Structures are given as structure tokens and as C-alpha cells.
Amino acid sequence: MTTAAPASLDLTREHARRLDAADPLRAFREEFERPAGPDGAALTYLCGNSLGLMPKAARTLVGEELDDWSRFAVEGHLHSRRPWVDYHELFRELGARLVGARPGEVVMMNSLTVNLHLMMVSFWRPEGRRTKVLMERGAFPSDTYAVHTHVRARGLDPAQHVIEVGPRAGEALIREDDLLSAIREAGDTLALVMVGGVNYATGQAFDIARITAAAHAVGALAGWDLAHWAGNLPARLHDWDVDFACWCSYKYLNAGPGAVAGCFVHARHGARTDLPRFAGWWGNDPRTRFAMGPDFVAREGADGWQLSNPPILALAPLLASLRIFDRAGMDALHAKSRAVTGYLRALLAARAPAGCRVVTPDAPGTHGAQLSIAFERGARERHAALAAHGVIGDFREPNIIRLAPAPLYNGWEDAWCAADALCAT
Ligand SMILES: *Cc1c(COP(=O)(O)O)cnc(C)c1O
């Protein structure tokens with residue numbers, strides 16, 4: 001292992017239990033359903049970076065919508081307990097608090113990849129010399145597909161118009177300075193920087209404010225994929241001056257498989273109702289929406305990018321989940337996350353077998369809950385062995401096991417069990 005464990009680290013399970021007992025956020029664990037193994041015992045679930053656990057309240061809120069649908073049918077748009085016509089408004093404040101936005105800058109809609117496409121239509125407007133998109137090499141494939149297809153749709157060649165910045169030869173992480181110098185070098189040919197806030201494979205988190213400022217300094221815009229950031233790290237998207245951001249809600253946000261995604265549009269763009277966009281009737285000004293005229297009039301704010309009337313049954317679990325985040329608070333969750341992930345890292349440093357190394361950086365601000373552990377050999381077999389010990393993490397090609405203690409429902413004993421299983425395999 002690369003980092004040495006502090007000599008004083010108490011390696012016992014009892015110590016982990018004591019830390020859990022002193023955790024002020026401990027009660028939130030009981031608000032989630034948990035899968036069990038074949039013997040009926042709850043599994044140690046460290047896979048919330050891939051699919052978060054189900055909040056118990058999701059069942060209640062979905063059930064209420066089913067009841068209202070059966071009781072009210074079409075009248076439910078206006079007369080159900082949470083009228084469907086305004087359902088997305090329930091996220092106005094909740095969504096803004098989650099990512100440090102102003103009310104009106106965040107809307108929950110579609111899926112992540114759809115939102116990336118919608119944002120690129122509005123915020124990647126190649127003109128003259130200024131055409132290029134800068135992204136990270138090894139981005140999540142869907143992001144790369146989205147960017148490349150936009151470039152091709154305008155008759156341009158991704159090889160000429162997409163700049164990729166990756167780790168240096170022999171290194172696993174992208175140096176932030178390399179991103180910044182690539183931005184400066186692209187200068188007035190750069191139209192958009194679109195990077196993942198936390199890299200899904202390595203768990204590396206970038207300084208969003210700093211990179212956004214560098215993009216602005218050369219006259220480009222900055223959009224962020226926050227799939228692995230939302231619900232994992234606190235954000236101040238408005239103050240960081242981010243132009244747009246998109247995230248999915250089924251990872252750390254626990255809103256269920258294929259959940260409705262989030263989208264942030266900075267107020268200075270939201271006010272520009274003339275901005276080009278792919279439009280749908282739900283983005284139209286509600287005052288004229290039902291006039292059913294042929295001319296689209298965008299409503300102000302992120303809401304103006306909505307296409308369709310909101311999917312109520314899919315939004316109900318997101319409402320259940322975001323109410324929990326709102327009660328816990330991202331700053332408190334992040335403080336616990338740092339402690340638990342740091343503890344897991346220290347246990348691995350003390351006990352892990354030779355040939356494995358945590359790739360995720362350690363400095364404050366450079367990681368969230370996830371640790372990506374690279375194995376010289378046998379990663380796939382180790383992942384299977386972890387599962388046989390009742391620990392759920394995941395495996396990413398070619399040699400990475402990802403473990404992510406989610407602070408809402410994981411604690412120190414979970415980290416202890418994961419380290420114990422990994423070291424026993
Ligand atoms: C999870 C993830 C996606 C998935 O996209 P969907 O449209 O939600 O299926 C895309 N990009 C990143 C960076 C991700 O981590």
C-alpha cells in the first residue's frame with residue numbers, strides 16, 4: 001500500500017462499533033432497506049456510487065401517487081395531495097440546497113445523458129475559431145458519445161475539435177495543472193470545458209471553481225457532469241460560477257434505478273429566454289403553456305429546458321431521497337464521509353495484501369466517498385471473494401475494485417468488514 005497507517009490505529013471491530021455508536025448521523029441508516037445474503041444476514045453494501053439503497057419512504061410516496069392516480073385520474077393534475085402539474089416545483093428548494101444553487105437554477109428531469117445533450121445544444125455554440133470541447137480522457141463513455149455526436153452533427157471531426165486531457169504516462173490520475181494548461185493553450189479556440197467532477201473510475205475529484213474560472217478566463221464556458229459528485233460532496237455551483245451541470249440520481253442520491261436526473265443552469269443563462277435550445281411544452285412559460293400556441297416562449301430558469309410533463313411515479317422516490325439529504329445536510333454528511341473513508345484507507349494500509357494500492361487521491365478536496373483499489377493481478381477474483389464474504393463493492397475493468405461507504409447508511413463497522421474481507425481473500 002502507498003500510504004502508511006498511523007501507528008495508533010485500533011484495528012479491532014469493537015473500535016469500529018464504538019465509532020458508529022458515537023455517530024450523530026447513525027439514525028439515518030434505519031431509513032433505508034438493505035439487501036440480505038443467502039443466509040438472511042444484511043450485506044455490507046459499499047456500492048452506493050453505482051446504485052444507492054432504497055429509502056423506506058420511497059415506497060410510501062410512490063404508493064401515495066398510485067392511490068391518487070386511482071382516486072383522481074385526470075383530476076390528480078390539480079387535486080391530488082401533491083398536484084402533478086406543479087410536482088417538479090417540490091424540488092425547487094430541495095434541489096438548490098443539494099448543490100449550492102439558487103432556487104430556479106435546478107430542475108429534475110430526464111436522465112443524465114439526455115440532459116448533457118440538452119445542455120450541449122444550448123452551451124456548445126461553435127463559432128469561427130472558437131469550436132473546441134475539452135474533456136477528460138477516460139471519461140464515462142456516455143459523456144464521450146454525447147460530445148462526439150454533437151461535434152459530428154455539425155459536420156465537424158471529433159479528432160480536430162475535441163481535446164482530451166488524460167493522466168501522464170505511467171500515472172493513474174489527471175494532474176489538475178495539466179487540465180489548466182490545456183485550457184490556456186486552447187485559448188480562443190476553446191468553446192466548452194465539460195469534465196466529470198469526480199472521475200467514476202479513480203474517484204478523483206477536481207476543483208470545480210478553479211477549472212471553471214480557467215475556462216472563463218479564455219472566454220469558454222464550463223459544464224460539469226456531477227454523476228459521482230451529487231449527494232457525495234458539497235457543492236456551491238452558483239458561487240463557483242458553473243455554467244451548467246448534470247447528474248443522475250440513482251448513485252449517491254438513492255432515488256432508484258434509472259431515476260430522474262438533475263440539471264443546473266446558472267441564473268445568468270436561465271434569464272436568457274432567447275438562448276437556443278431543444279424545446280418542449282413543459283419548458284414553455286406556464287402562463288401561456290395551455291394556450292397551446294405554435295410559438296415557444298421559454299420560462300425563466302432551468303425549468304425552461306424541460307421537455308415533457310414530469311414523470312410522477314419516477315419523481316416520488318427522488319422526493320423521498322432528497323428530503324433525507326435535506327435533513328442530514330451535505331456538509332455534515334461530507335464530514336462523516338471523510339472520516340469513514342479515511343478509516344477504510346487506514347485499515348487497508350495496515351492490513352491489505354501486497355500488490356494492491358488505493359488509486360484515489362487522499363488530499364482534502366480531491367476525493368469523495370469512493371476508494372478505487374487497483375490490483376496487480378486477480379482483481380476480478382478478489383471481487384468475487386468479497387461478495388462471498390457478504391461485501392458488495394464493484395469491479396471495473398481492467399483491475400479496479402471500487403468501495404464507497406455512503407455516509408447516510410454506511411459506517412465504520414461496514415468499512416471494517418470490507419477491509420477484513422479484502423484482507424482475508
Ligand atoms: C453513471 C454515469 C453516467 C450514466 O448516464 P445515464 O444517462 O444516467 O445512464 C454518465 N456519466 C457519468 C460520468 C456517470 O458516472
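Source: prediction; values computed, not measured.
Sorted by first and then second residue, the side-chain hydrogen bond (donor to acceptor under 3.5 Å, both in side chains) pairs involving residues 107-124 (not counting sequence neighbours) are Asn110-Asn115, Thr113-Ser142, His117-His150, Ser122-Trp305. Applying the side-chain hydrogen bond (donor to acceptor under 3.5 Å, both in side chains) rule to pairs touching residues 392-402 yields Arg380-Glu397, Asp394-Arg402, sequence neighbours excluded. Counting only residues at least two apart or on different chains, the side-chain hydrogen bond (donor to acceptor under 3.5 Å, both in side chains) pairs with a member in residues 165-181 are Arg168-Asp178, Glu171-Arg175, Glu176-Arg210, Asp177-Arg210. Residue pairs that meet the side-chain hydrogen bond (donor to acceptor under 3.5 Å, both in side chains) test with at least one member in residues 35-61, sequence neighbours left out, are Asn49-Gln370.
A search for side chain to side chain contact (heavy atoms under 4.5 Å, CB included) contacts involving Ala213 returns nothing, not counting sequence neighbours. With sequence neighbours excluded, the residues that form a ring-ring contact (aromatic ring centres under 6.0 Å, His included) with Trp281 are Phe290. With sequence neighbours left out, the ring-ring contact (aromatic ring centres under 6.0 Å, His included) criterion links Tyr200 to Phe140. Taking the ring-ring contact (aromatic ring centres under 6.0 Å, His included) definition, one finds that Tyr409 meets it with Phe32, sequence neighbours left out. Residues that satisfy the ring-ring contact (aromatic ring centres under 6.0 Å, His included) test with His383, not counting sequence neighbours, are absent from this structure. For Glu89, the side chain to side chain contact (heavy atoms under 4.5 Å, CB included) partners at least two apart in sequence or on another chain are Asp86, Arg92, Arg299, Asp303. Here Arg29 pairs with Asp414 under the side-chain hydrogen bond (donor to acceptor under 3.5 Å, both in side chains) rule; sequence neighbours left out.
The residues Glu65 and Arg82 are annotated as salt-bridged, a charged nitrogen and a carboxylate oxygen being separated by less than 4.0 angstrom. Ion pair Arg130/Asp188 not flagged as a salt bridge, since none of the NZ, NE, NH1 or NH2 atoms sits closer than 4.0 Å to an Asp/Glu carboxylate oxygen. Using a 4.0 Å cut-off between charged side-chain N and carboxylate O, Arg13 and Asp420 make no salt bridge.
At a threshold of 4.5 Å between non-hydrogen side-chain atoms, the residues Leu237 and Glu105 do not count as touching. Contact of the Thr366 side chain with the Asp362 side chain is not registered, since no non-hydrogen atoms from C-beta on lie closer than 4.5 Å.
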Please tabulate, one pair per line, all N/O donor-acceptor pairs under 3.5 Å involving side-chain atoms of residues 307-321, not counting sequence neighbours.
| unit_1 | atom_1 | unit_2 | atom_2 | d |
| --- | --- | --- | --- | --- |
| Ser321 | OG | Leu253 | O | 2.3 |

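Of the residues Lys336, Arg18, Arg17, the one that meets the salt bridge (Lys or Arg N to Asp or Glu O under 4.0 Å) test with Asp23 is Lys336.
Classification of the Phe264-His266 ring pair by plane angle, with boundaries at 30° and 60°, yields perpendicular.
Using modelled atom types and a 3.5 Å distance limit, the side chains of Thr360 and His367 yield no donor-acceptor pair.
A side-chain donor-acceptor contact under 3.5 Å links Asn232 to the backbone of His228. A donor-acceptor distance shorter than 3.5 angstrom exists from the side chain of Trp229 to the backbone of Pro234, with no hydrogens or angles considered.
Taking the six-membered ring where the residue is Trp, the centroids of His269 and Phe123 are separated by under 6.0 Å.
One distance of note links CH2 of Trp416 with CG of Asp10; it measures 11.0 Å at 0.5 Å rounding.
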